[in-house]
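Whatever order the structure lists ligands and atoms in, that order sets their numbers, starting from 1. Quick caveat: nothing in here was measured; it's all calculated off a predicted structure. Here, residue 1 is the first one in the sequence, and each next residue gets the next number.
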Amino acid sequence: MTKTKKYLFVLSVITLTFSSCKKEKITLPSVEEPAPPKTRVYYIAAVEQVWDYAPTGMDMFMGTPFDMNDSVYAVNLPTGITPRIGRKNIKARFVEYTDTTFTTPKIVSSEWQHLGMLGPVIRANVGDSVIVYFKNNTTINTSIHAHGLLYDVNSEGAVYNNGAISGASIAPNGKYMYKYFAREGSGPGTNQGSSIVWLYHSHVAMDESDLYAGLMGAIIVSKKGMGDDNAKPKDVDREFVTLFMVLNENSSSYLAQNITAYCPGFTNPNPDDFAESNKKHTINGMFMGNLPGLIMNKGERVRWYILALGNEVDLHTPHWHGNTVTFNGTNTDVLELLPAAMLTADMRPDNVGTWGFHCHVTDHMLAGMTALYKVQ
Ligand SMILES: [Cu+2]
């Protein structure tokens, strides 16, 4: 190596070392590109099944067998003066499948076991399109009506004088493709966090008998840049969706079928005989502490999406024991719900244990609108 070459070599090494040192010292804010807009495809069928409101056969909230009050709603009395349908009912639910053949249901992961009766969560980032391939595998007319997302009248999925020529009411065995777009207004507003929740449900009959059959679910929309590739909010570790509703089986499309199936010894059925016992006070279609899967770790960033549907009895005050939530910049442990309310609250659980999560309306609590959640 000549003297000059040696000099240049040393100089370049110094320069490289210096520049790499310089690079280390400067910490630029990480600029993350928002996930590119996607078309998210779901295959959802409405299916009939026998639903059990309390599969353990116990009042898990109290840790006891059904008491006198629980029995009104939970125990089947097939004959006698006061027949009761009990905890099992024929219902319709939205179930997610793997493709348009609607033969293989998608496996519900452990973190979403708590959805209970609810259909699959439909997700989008603002700017995404959503396509739902829908099949009606029930014996009643059904639809999907989405809140919050942008749709044209033929993807509105609702029966009324709206000029729809398709999509409003899908007959048994019918198929339909619903198309949506997550516009700015579908995502969180300036006072909201990185994601918000919307309802979707069947919207065929004005008395909502198709909805009372059990056809409902949640949509989660993340802010542009705040949702990951799967549209899950990046600043949240765990999400829960809970829907509070007095599922009145007297208002369901399947009332007559349920009377025939579960009270065969009862002639001249009069729905009034079931007026109270058919009001199932549920969280995600489960009562008396039977909802599984509300499990989280201490210190996680937990987001609760809280929904309600139903009638004038459906004013609920979900209450968490043991931990608090932040809702619209306010700390609380009780939220206020009215039918079709859609709220998003954040929890940073700091209190380990198994805690109550229930509606604080006394009558509803007594009727079993209760669950347990676990911080581990
Ligand atoms: Cu309530």
Got Phe327 and Leu335 here, is their nearest side-chain heavy-atom distance under 4.5 Å? yes

Is a donor on one side and an acceptor on the other found under 3.5 Å between the side chain of Thr242 and the backbone of Ile306? no

Could you name each residue pair satisfying side chain to side chain donor-acceptor pair (under 3.5 Å) that touches residues 337-348, not counting sequence neighbours? Arg303-Asp346

So, with waters excluded, how many protein N/O/S atoms does the Cu ion (ligand 1) have closer than 2.8 Å? 3

Parallel, tilted or perpendicular: rings of His319 and His321 (30°, 60°): tilted

Once you measure the plane-to-plane angle for Tyr53 and Phe287, does it fall in the parallel (<30°), tilted (30-60°) or perpendicular (>60°) bin? parallel

Any side-chain heavy atom of Arg40 sitting closer than 4.5 Å to one from Tyr180? no

